[in-house]
Amino acid sequence: MPLRLATWNINSVRLRAPIVLDLLSRHGPDILCLQETKSPVEKIPAEVFQAAGYTHMVARGQKGYNGVAILSRVPLEDAGHRDFCERGDARHVAARLEDGTLIHNFYVPAGGDEPDREKNIKFGHKLDFLSEMRDWFHGEAPKRSILVGDLNIAPREDDVWSHKALLKVVSHTPVEVEQLATVQDSGNWVDITRKDIPEGQLYSWWSYRAKDWDAADKGRRLDHIWATPDIASAAGASHIARDVRGWEKPSDHAPVFATFDL
DNA sequence: ATGGTTGTTCCACAA
């Protein structure tokens with residue numbers, strides 16, 4: 001059975017419930033992982049998604065910031081979460097499918113503006129979060145696992161509109177790119193999007209601040225789908241739905257898709 | 001070098 005999976009930083013699930021429904025009806029993923037829901041779990045309009053066939057939800061939330069949720073039309077169970085950096089932030093949740101496949105949904109800290117942990121504690125928090133991910137996966141040796149989310153790092157030169165212009169911009173600095181590589185190595189994670197689309201510019205986020213995001217096209221690939229090697233070969237059909245960035249009242253992120261023949 | 005936009009909450013802050 002092919003499993004169609006999507007990840008999308010929704011930037012308020014309550015405000016954007018209508019376009020979540022549009023995405024579900026037009027693209028019909030089996031599982032949709034959301035980040036920046038910005039809502040306590042009990043205030044997520046789960047009944048609206050249930051009515052559309054997405055009868056399962058695993059989520060963590062808090063008031064105003066962060067928040068992650070997994071909506072599914074196939075059965076899955078809550079597989080817990082980890083409180084990275086012990087701040088009580090809702091930035092990770094995991095779910096297990098009936099066949100045992102584990103799905104991690106992450107919202108990595110954005111890291112502020114200044115890429116220097118001495119001057120900017122948010123950047124330090126981002127690096128510490130990534131170190132904890134690395135150490136955790138190093139100990140876990142994940143199997144049959146999928147990791148998705150807004151990792152807030154665009155690792156490759158062709159994951160940003162200008163490598164040179166962004167070398168000192170948080171999300172594409174060498175220290176972050178190296179740190180993300182250590183996370184990837186620690187779990188033997190395969191970048192599924194780039195396995196399927198190895199060549200060319202690829203973005204999943206465009207700032208709200210650009211006056212014409214589509215024409216300027218100053219994007220970054222911040223949203224990722226990874227998998228462990230035992231199921232990476234079963235993955236395909238990767239796609240970033242760029243057009244969604246142009247919908248009514250859009251998120252600044254576009255959803256990323258992949259299919260797994262599990 | 002600067003300012004540009006959006007969302008939530010409370011009278012800023014985070015992205």
Side-chain angles (χ1 to χ4, degrees), chain A residues 7-23 33-46 48 59-69 83-85 87-92 105-117 119-130 148-155 159-162 164-173 175-177 179-180 203-224 242 244-256:
Chain A
T7 180
W8 192 13
N9 178 317
I10 193 61
N11 187 17
S12 174
V13 68
R14 281 182 278 171
L15 187 70
R16 287 188 232 288
I19 65 169
V20 171
L21 281 177
D22 286 345
L23 189 86
C33 297
L34 298 170
Q35 303 85 33
E36 278 205 274
T37 50
K38 294 186 173 177
S39 174
V41 173
E42 65 273 15
K43 291 190 174 178
I44 296 174
V48 170
R60 297 293 184 275
Q62 62 191 97
K63 192 166 75 174
Y65 306 106
N66 308 323
V68 285
D83 181 13
F84 286 84
C85 304
R87 294 162 52 107
D89 286 348
R91 291 183 178 273
H92 169 255
N105 183 14
F106 274 97
Y107 175 49
V108 171
D113 290 331
E114 178 77 39
D116 180 344
R117 71 180 308 152
K119 299 179 193 163
N120 170 16
I121 53 170
K122 290 182 196 168
F123 194 70
H125 175 220
K126 184 178 196 174
L127 297 180
D128 291 345
F129 191 103
L130 292 163
V148 308
D150 178 3
L151 305 185
N152 263 315
I153 297 172
D159 289 337
V160 293
W161 66 275
S162 168
K164 194 173 172 216
L166 291 177
L167 270 171
K168 293 180 178 174
V169 174
V170 172
S171 72
H172 191 62
T173 64
V175 61
E176 291 168 89
V177 171
Q179 189 80 319
L180 188 68
Y203 314 139
S204 66
W205 173 88
W206 295 261
S207 172
Y208 283 128
R209 296 174 189 174
K211 65 170 176 273
D212 186 342
W213 72 272
D214 196 22
D217 200 20
K218 293 185 172 180
R220 308 176 200 170
R221 187 172 71 103
L222 304 179
D223 303 275
H224 300 266
R242 178 186 174 112
V244 173
R245 179 62 179 78
W247 286 3
E248 182 92 10
K249 284 280 265 173
S251 167
D252 44 357
H253 294 251
V256 182

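As the structure is a computational prediction, the values presented were derived from the model and not from experiment. A note on names: the letters A, B, ... follow the listed sequences, proteins ahead of strands, and every chain is numbered from 1.
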| query | P atom, dG7(B) versus dG3(B): distance in rounded Å? | reply | 22 Å

| task | Identify the heavy atoms of Gly61(A) and Val41(A) that sit nearest to each other, and give their distance. | result | N-CG2, 3.4 Å

| query | When you measure from the side chain of Asp223(A) to the backbone N and O of Ala254(A), does any donor-acceptor pair fall under 3.5 Å? | reply | no

| request: Specify the separation, in whole Å, of atom CG of Asn11(A) and atom P of dG7(B). | output: 6 Å

Which protein N or O atoms sit under 3.5 Å from an N or O of nucleotides 13-15 of chain B?
unit_1: dA14(B); atom_1: OP2; unit_2: Lys122(A); atom_2: NZ; d: 3.3
unit_1: dA15(B); atom_1: OP1; unit_2: Arg91(A); atom_2: NH2; d: 3.4
unit_1: dA15(B); atom_1: N6; unit_2: Arg209(A); atom_2: NH2; d: 2.6
unit_1: dA15(B); atom_1: N1; unit_2: Arg209(A); atom_2: NH2; d: 3.0

| Nucleotide dT6(B), atom P - distance to CD of Glu248(A) in whole Å | 12 Å

| field | Residue list, side chain to side chain contact (heavy atoms under 4.5 Å, CB included) with Arg209(A), at least two apart or on another chain | value | Ser207(A)

| note | With sequence neighbours left out, the residues meeting salt bridge (charged side-chain N to carboxylate O under 4.0 Å, His left out) with Asp89(A) are Arg87(A), Arg91(A)

| query | Taking for each residue the nucleotide of DNA chain B with the nearest heavy atom, is it Thr37(A) or Ala210(A) whose nucleotide lies nearer the 5' end? | reply | Ala210(A)

| field | Residue-level proximity of residues 15-23 of chain A to DNA chain B when a heavy atom falls under 4.0 Å | value | Leu15(A), Arg16(A)

| query | Lys122(A) and Asp113(A): salt bridge (charged side-chain N to carboxylate O under 4.0 Å, His left out), yes or no, with the steps? | reply | CA-CA 9 Å; Lys122(A) 290 182 196 168; Asp113(A) 290 331; over 6 Å; no

| said: Output the rounded distance in Å from CG (Asp113(A)) to P (dG3(B)). | reply: 13 Å

| task | Determine the sole option in Asp252(A), Asp214(A), Asp212(A), Asp217(A) for which the side chain to side chain donor-acceptor pair (under 3.5 Å) test with Trp206(A) is passed. | result | Asp217(A)

| said: For the P atoms, the ones on dT9(B) and on dA15(B), what distance do you get once it is rounded to whole angstrom? | reply: 15 Å

| Using a cut-off of 4.0 Å on non-hydrogen atoms, how would the nucleic acid contact of Lys218(A) be classed: base, sugar-phosphate, or nothing? | nothing

| query | What pairs with Lys249(A) under side chain to side chain contact (heavy atoms under 4.5 Å, CB included), at least two apart in sequence or on another chain? | reply | Leu15(A), Arg16(A)

| field | Atom C1', compared across dG4(B) and dA14(B): separation rounded to whole Å | value | 16 Å

| message | Regarding Thr7(A) and Gln35(A), do their side chains bring together a donor and an acceptor under 3.5 Å, going by distance alone? | response | yes

| Rounded distance in Å between the P positions of dT2(B) and dT6(B) | 23 Å

| said: Could you work out, with side chain to side chain donor-acceptor pair (under 3.5 Å) as the rule, every residue matching Arg60(A), not counting sequence neighbours? | reply: Asp78(A), His81(A)

